Amino acid sequence: MNRDSLVKHAAYTYWANHELVRCVETLTPEQFDHDFKYSMGTLRVQLAHIAGVEYWWFTYLSTGELDFFTDEDFASLDTIKAKWVKAEKIVSTYVASLTDEELQREVKPPFWKPESKPFKVWEAILQVFNHSTDHRAQSLYMLHQLGAPPFQQDYLFWGHPELVE
């Protein structure tokens, strides 16, 4: 894994996140808070979770400090979007600065169990991007159940609108 690949994957991730938000913006407040009893429950919590994990992981990777979202950060779609903008800036800045040495550095958040093995930075970054893809897919299912517009989130469709049916 190299920096250029991760820069592209970060750009794809934020394209897909923006598309997800665009779909969620079509919902009523009641739909946004509908409890699906699936994954994180509501789309509000789902989006806050995606943004929060991106934010804390990349804050931790870039500074060594843990900084988690609070309940106020989940108050509305606007507050989630504001935090996501902050997360996107941290992610973009960090991945653009990656070196081969940084990619190989081992990390282990302090709240992990002592017997847990550390990840290399590049593995942690891929985990976060894959985590976001997983929860976006779950969100698309929720949006479908509400009759909201979906989008094609495959990496292949990023930057290739001619491929979308």
Side-chain angles (χ1 to χ4, degrees), residues 1-24 36-69 73-74 77 80-81 83-113 115-145 148 150-161 163-164:
M1 186 57 51
N2 63 46
R3 181 187 59 85
D4 291 344
S5 296
L6 293 171
V7 167
K8 285 179 84 171
H9 209 88
Y12 155 74
T13 296
Y14 280 97
W15 165 80
N17 288 348
H18 289 245
E19 289 296 304
L20 177 60
V21 168
R22 185 182 56 75
C23 294
V24 170
F36 287 89
K37 311 248 184 287
Y38 168 73
S39 187
M40 303 304 294
T42 69
L43 280 160
R44 172 195 307 273
V45 176
Q46 189 89 341
L47 268 60
H49 177 71
I50 298 168
V53 168
E54 291 172 5
Y55 177 78
W56 87 255
W57 255 114
F58 280 93
T59 298
Y60 176 69
L61 291 173
S62 62
T63 68
E65 297 177 16
L66 293 175
D67 187 13
F68 298 103
F69 282 4
D73 298 322
F74 308 153
L77 181 56
I80 294 168
K81 287 179 357 183
K83 285 301 230 180
W84 226 335
V85 166
K86 188 174 181 181
E88 184 173 354
K89 184 176 180 180
I90 292 167
V91 172
S92 298
T93 301
Y94 179 69
V95 296
S97 72
L98 288 170
T99 63
D100 290 340
E101 294 77 25
E102 177 66 3
L103 288 168
Q104 296 304 316
R105 180 172 62 93
E106 291 189 338
V107 294
K108 181 179 170 183
F111 59 85
W112 282 11
K113 294 178 181 176
E115 64 273 11
S116 297
K117 294 181 181 178
F119 280 12
K120 292 190 183 292
V121 164
W122 71 265
E123 293 173 307
I125 293 171
L126 283 182
Q127 161 54 30
V128 175
F129 291 154
N130 285 330
H131 175 268
S132 295
T133 300
D134 179 40
H135 282 291
R136 277 194 311 272
Q138 294 167 353
S139 298
L140 287 168
Y141 167 78
M142 294 171 175
L143 286 163
H144 175 75
Q145 295 300 310
F151 73 98
Q152 290 287 345
Q153 77 157 341
D154 288 353
Y155 185 85
L156 181 66
F157 294 112
W158 169 61
H160 298 283
L163 297 176
V164 179

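Just so it is clear, the model here is predicted, and its values are computed rather than measured. Along the sequence shown, residues carry numbers from 1.
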Please give me the minimum heavy-atom distance between [X] and [Y], naming the atom from each residue.
| X | Y | answer |
| --- | --- | --- |
| Tyr94 | Ser62 | CD1-CB, 3.5 Å |
| Ala51 | Ala87 | O-CB, 4.2 Å |
| Ala48 | Phe74 | CB-CD2, 2.9 Å |
| Ile50 | Ser139 | CD1-OG, 4.4 Å |
| Pro110 | Leu66 | CG-CD1, 3.6 Å |
| Leu98 | Glu102 | CD2-CG, 3.6 Å |

Residues forming a side chain to side chain contact (heavy atoms under 4.5 Å, CB included) with Thr133, sequence neighbours excluded: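 Side chain to side chain contact (heavy atoms under 4.5 Å, CB included) list for Thr133, sorted by chain: Tyr12, Arg136, Gln153.
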Got [X] and [Y] here, is their nearest side-chain heavy-atom distance under 4.5 Å?
| X | Y | value |
| --- | --- | --- |
| Leu43 | Leu77 | no |
| Val91 | Thr13 | no |
| Trp57 | Val107 | yes |
| Thr93 | Phe58 | no |
| Ser39 | His49 | no |

Verdict with supporting geometry, Gln138 and His135, side chain to side chain donor-acceptor pair (under 3.5 Å): CA-CA 5 Å; Gln138 294 167 353; His135 282 291; 2.8 Å; yes
Spatial distance of atom NZ (Lys8) from atom CG (Leu6) [nearest 0.5 Å]: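 Interatomic distance, Lys8 NZ to Leu6 CG, rounded to 0.5 Å: 11.5 Å.
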Distance, nearest 0.5 Å, that separates CH2 of Trp15 from CG of Leu20: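 Between atom CH2 of Trp15 and atom CG of Leu20 there are 11.0 Å.
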Geometric class of the Phe68/Trp56 ring pair [parallel <30°, tilted 30-60°, perpendicular >60°]: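 If you compare the ring of Trp56 with that of Phe68, the planes turn out tilted.
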Residue pairs fulfilling salt bridge (charged side-chain N to carboxylate O under 4.0 Å, His left out) with at least one residue in residues 54-64, sequence neighbours excluded: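 Applying salt bridge (charged side-chain N to carboxylate O under 4.0 Å, His left out) to every pair that reaches into residues 54-64, excluding sequence neighbours, yields nothing.
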Test item: Ser5 side-chain N/O and Met1 main-chain N/O as donor-acceptor pair under 3.5 Å: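 A pair under 3.5 Å: no.
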Arg44 (side chain) donor-acceptor with Ile80 (main chain) under 3.5 angstrom: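 Side chain of Arg44 to backbone of Ile80: no pair is present.
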More than 12 heavy atoms from other groups under 6.0 Å of NZ on Lys108: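 Yes.
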Crowding at NE2, His18 (>12 non-hydrogen neighbours, <6.0 Å):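 Atom NE2 in His18 is packed in, count exceeds 12.
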Name each donor-acceptor pair under 3.5 Å that joins a side chain in residues 117-125 to protein atoms two or more places apart or in another chain, with its distance.
unit_1 : atom_1 : unit_2 : atom_2 : d
Glu123 : OE1    : Lys120 : N      : 2.8

Evaluation steps, side chain to side chain contact (heavy atoms under 4.5 Å, CB included), between Ile90 and Thr63: CA-CA 10 Å; Ile90 292 167; Thr63 68; over 6 Å; no
